[in-house]
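Throughout, a chain's letter reflects where its sequence line sits, starting with A, and its residues are numbered from 1. The structure presented is a predicted model; accordingly, all values stated were derived computationally and were not measured.
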Protein chains: 2
Amino acid sequence: MSGYTVGQLARLAGVTVRTLHHYDEVGLLSPGGRTRAGYRRYDDAELDRLQQILFYRELGFPLEEIAAILDDRSVSPTEHLRRQRELIGDRIRKLEDLAAAVERAMEARTLGIQLTPEEKFEVFGKDYQENWEDEAEQRWGDTDAWKQSQAKTSTYTKADWERIKAETDAVNDALVAAFTAGAAPDSPEAMDAAEQHRGHIGLNFYECAPQMHRCLGDMYVADERFTATYEQLAPGLAGWLRDAIHANADRQEQS
Amino acid sequence: MSGYTVGQLARLAGVTVRTLHHYDEVGLLSPGGRTRAGYRRYDDAELDRLQQILFYRELGFPLEEIAAILDDRSVSPTEHLRRQRELIGDRIRKLEDLAAAVERAMEARTLGIQLTPEEKFEVFGKDYQENWEDEAEQRWGDTDAWKQSQAKTSTYTKADWERIKAETDAVNDALVAAFTAGAAPDSPEAMDAAEQHRGHIGLNFYECAPQMHRCLGDMYVADERFTATYEQLAPGLAGWLRDAIHANADRQEQS
DNA sequence: CTCCGGCCTCACGTCGCGTGAGGGTCAAGC
DNA sequence: GCTTGACCCTCACGCGACGTGAGGCCGGAG
């Protein structure tokens with residue numbers, strides 16, 4: 001029968017032996033039994049329980065409360081999982097608010113605006129999940145403002161469009177050719193194709209220094225929408241292109 | 001000249017008086033001065049510092065480390081904000097991993113599948129906050145943005161992508177809302193939405209300075225593959241977004 | 001039979017405060 | 001001028017969730 005010693009379980013779960021001892025002491029997680037020598041023996045049930053414990057701990061619950069939650073027999077395991085998901089969602093939402101506050105702070109900083117003391121701290125004030133409903137109302141309330149659409153046309157004409165499309169296709173063809181030929185991302189052909197790509201952008205859209213080109217390359221693998229377009233041309237192309245762009249950027253900067 | 005007593009500052013920041021006393025004791029946040037009677041007097045500088053402290057504390061940093069971080073004069077306030085955003089992103093990512101693990105557990109449960117012990121705990125293994133100094137050095141020591149992005153995106157999981165997709169949707173919703181409401185590209189709403197878009201990229205992919213953002217905006221109208229995604233959301237959105245991005249970039253640089 | 005790694009039980013230390021105890025301060029109202 | 005009540009001060013001990021040894025007992029490999 002599978003059983004674990006403290007050390008084994010600790011390693012598995014990424015906690016210390018002392019932590020397991022502590023959980024035993026406070027009755028949060030007692031071993032299923034002991035060997036004659038007094039060694040703690042944990043088995044699968046305890047392993048599962050420990051997993052649950054760590055979930056709730058990660059979410060900041062005190063051990064005593066965790067014990068209460070887990071020992072509540074009226075809550076099914078599935079229900080636990082649902083709860084955990086919700087709690088994680090709450091926590092993420094709070095962090096996103098924090099991120100938004102940081103964003104505001106940056107904005108205020110670059111604009112030289114002074115935030116009021118209240119504004120500076122309001123994000124810390126919201127305790128856990130108090131006003132979910134108010135927030136939702138506020139968020140959806142704005143929806144009323146969705147009224148009419150009025151399109152502003154792009155500054156590009158259809159002719160420009162056609163030309164750019166043709167050029168883009170040509171550049172992409174070159175990329176695909178080099179890629180499918182098995183050229184390494186740091187091979188001359190790959191770097192040349194990347195440079196062509198850079199030139200295409202610089203010619204048609206905006207100045208694209210190697211450094212900026214790198215960012216673009218990263219975005220091709222990082223932003224799924226863009227990744228998709230390249231992966232459609234050839235599976236693996238997005239990552240390869242990024243590497244090629246980087247190699248080329250390095251080369252360009254060597255001078 | 002505005003000054004706060006402990007109680008006032010405590011109420012503002014949503015912490016207890018004792019906490020402020022403690023921060024004074026350990027030298028993390030000392031009042032600007034004292035009254036004759038020995039009352040602590042805090043002013044705006046301390047208020048700002050407290051805000052920073054709470055940010056880092058929220059992210060789980062020990063007080064001593066927070067002091068070290070904040071007292072590092074080689075880090076500009078703007079840099080702090082960037083770091084904080086990074087850290088929040090990390091934290092969110094970790095929680096998403098947790099959520100994914102919960103998801104897997106639910107799935108396994110309904111399917112009656114047994115997960116291996118390793119699978120059960122692997123999500124707890126990554127000590128996201130492990131070693132600030134080393135990581136910070138690795139992450140920010142090299143100013144090249146691409147290394148960040150590479151390190152960041154290579155660790156993305158499916159859950160991350162789901163989150164990013166959700167975030168992207170939210171950002172796009174905001175854009176569509178402003179656009180269909182008839183807001184001009186250089187209206188505050190449009191620029192705010194554009195800034196949100198920029199923040200989204202910065203949080204998830206790589207640092208996206210206004211100049212870089214301009215490039216992206218141009219590409220949205222210039223490259224049909226990317227244009228399509230926006231035109232699908234609302235006809236005319238791509239061009240409008242480009243203009244909004246430019247207007248916002250101009251605004252951001254005005255300082 | 002002896003190592004060496006792992007296990008055991010105390011038991012004290014740490015971090016970030018909470019929670020009084022005992023006492024001074026200050027603006028308001030009687 | 002005096003009281004009242006809210007607020008401030010400084011100790012100082014307590015607590016949760018472990019960390020960190022100290023000192024000693026298994027158990028399998030050589």
Side-chain angles (χ1 to χ4, degrees), chain A residues 2-43 46-47 49-70 124 127, chain B residues 2-43 46 49-70 121 124 127 129-132:
Chain A
S2 82
Y4 309 92
T5 67
V6 260
Q8 287 168 343
L9 183 56
R11 234 169 307 141
L12 252 175
V15 301
T16 67
V17 170
R18 176 68 177 102
T19 298
L20 294 179
H21 283 176
H22 184 59
Y23 290 172
D24 188 6
E25 270 176 41
V26 301
L28 177 56
L29 180 70
S30 314
R34 300 260 189 157
T35 66
R36 286 137 272 116
Y39 283 25
R40 291 173 177 81
R41 298 254 80 184
Y42 296 89
D43 39 46
E46 279 81 52
L47 186 146
R49 185 177 170 92
L50 177 56
Q51 193 197 14
Q52 301 288 319
I53 291 170
L54 294 184
F55 265 119
Y56 283 110
R57 188 186 69 165
E58 184 70 29
L59 294 173
F61 284 83
L63 299 187
E64 201 176 336
E65 218 164 301
I66 294 177
I69 292 170
L70 293 182
F124 297 111
D127 274 338
Chain B
S2 75
Y4 310 92
T5 67
V6 261
Q8 288 168 341
L9 183 56
R11 235 170 305 143
L12 251 175
V15 300
T16 67
V17 170
R18 176 68 178 107
T19 298
L20 294 180
H21 282 177
H22 184 59
Y23 290 172
D24 188 6
E25 270 175 41
V26 300
L28 178 56
L29 180 70
S30 316
R34 300 260 189 157
T35 66
R36 285 140 273 110
Y39 284 25
R40 291 174 177 81
R41 297 252 81 185
Y42 297 88
D43 40 45
E46 278 81 52
R49 186 177 169 94
L50 178 55
Q51 192 197 16
Q52 300 288 319
I53 290 170
L54 294 184
F55 264 119
Y56 283 111
R57 188 186 70 165
E58 184 72 28
L59 293 173
F61 283 84
L63 299 188
E64 201 177 337
E65 225 162 296
I66 294 177
I69 292 169
L70 293 183
F121 288 109
F124 296 110
D127 208 350
Q129 223 221 324
E130 47 187 53
N131 200 328
W132 157 266

Distance, rounded to the nearest Å, where [X] contributes [atom1] and [N] contributes [atom2]:
X: A/Asp24; N: D/dA17; atom1: CG; atom2: P; answer: 16 Å
X: B/Leu63; N: C/dT14; atom1: CG; atom2: C1'; answer: 12 Å
X: B/His22; N: C/dT19; atom1: NE2; atom2: P; answer: 15 Å
X: B/Arg41; N: D/dC9; atom1: CZ; atom2: C1'; answer: 14 Å
X: B/Leu29; N: C/dG16; atom1: CG; atom2: P; answer: 15 Å
X: A/Leu9; N: C/dC7; atom1: CG; atom2: P; answer: 11 Å
X: B/Leu59; N: C/dG16; atom1: CG; atom2: P; answer: 15 Å
X: B/Leu20; N: D/dT10; atom1: CG; atom2: P; answer: 13 Å

Touch class at under 4.0 angstrom, heavy-atom based, for A/Val6 against every strand present: sugar-phosphate
Separation between CD1 of B/Ile66 and OH of B/Tyr23, rounded to the nearest 0.5 Å: 6.5 Å
Presence of [X] side-chain N/O under 4.0 Å of [N] phosphate oxygens OP1/OP2:
X: A/Thr16; N: D/dG19; value: yes
X: A/Thr19; N: D/dG19; value: yes
X: A/Arg57; N: D/dC18; value: yes
X: A/His21; N: C/dC8; value: yes
X: B/Tyr23; N: C/dC17; value: yes

Shortest side-chain distance from B/Arg40, nucleotide among C/dT19, D/dC9, C/dA11: D/dC9
Interface residues of residues 32-39 of chain A with DNA chain C (non-hydrogen, below 4.0 angstrom): A/Arg34, A/Gly38, A/Tyr39
Just by modelled atom types, is the [Y] backbone N or O under 3.5 Å from a matching donor or acceptor in the [X] side chain?
X: A/Glu65; Y: A/Pro62; answer: no
X: A/Arg49; Y: A/Leu28; answer: yes
X: A/Glu46; Y: A/Asp43; answer: yes

B/Glu64 CD: over 12 foreign heavy atoms closer than 6.0 Å: no
Pairing residues for B/Val17 by the side-chain contact (heavy atoms from CB on, under 4.5 Å) criterion, not counting sequence neighbours: B/Val6, B/Ala10, B/His21
With B/Arg34 via side-chain contact (heavy atoms from CB on, under 4.5 Å) - residues at least two apart: B/Asp24, B/Pro31, B/Arg40
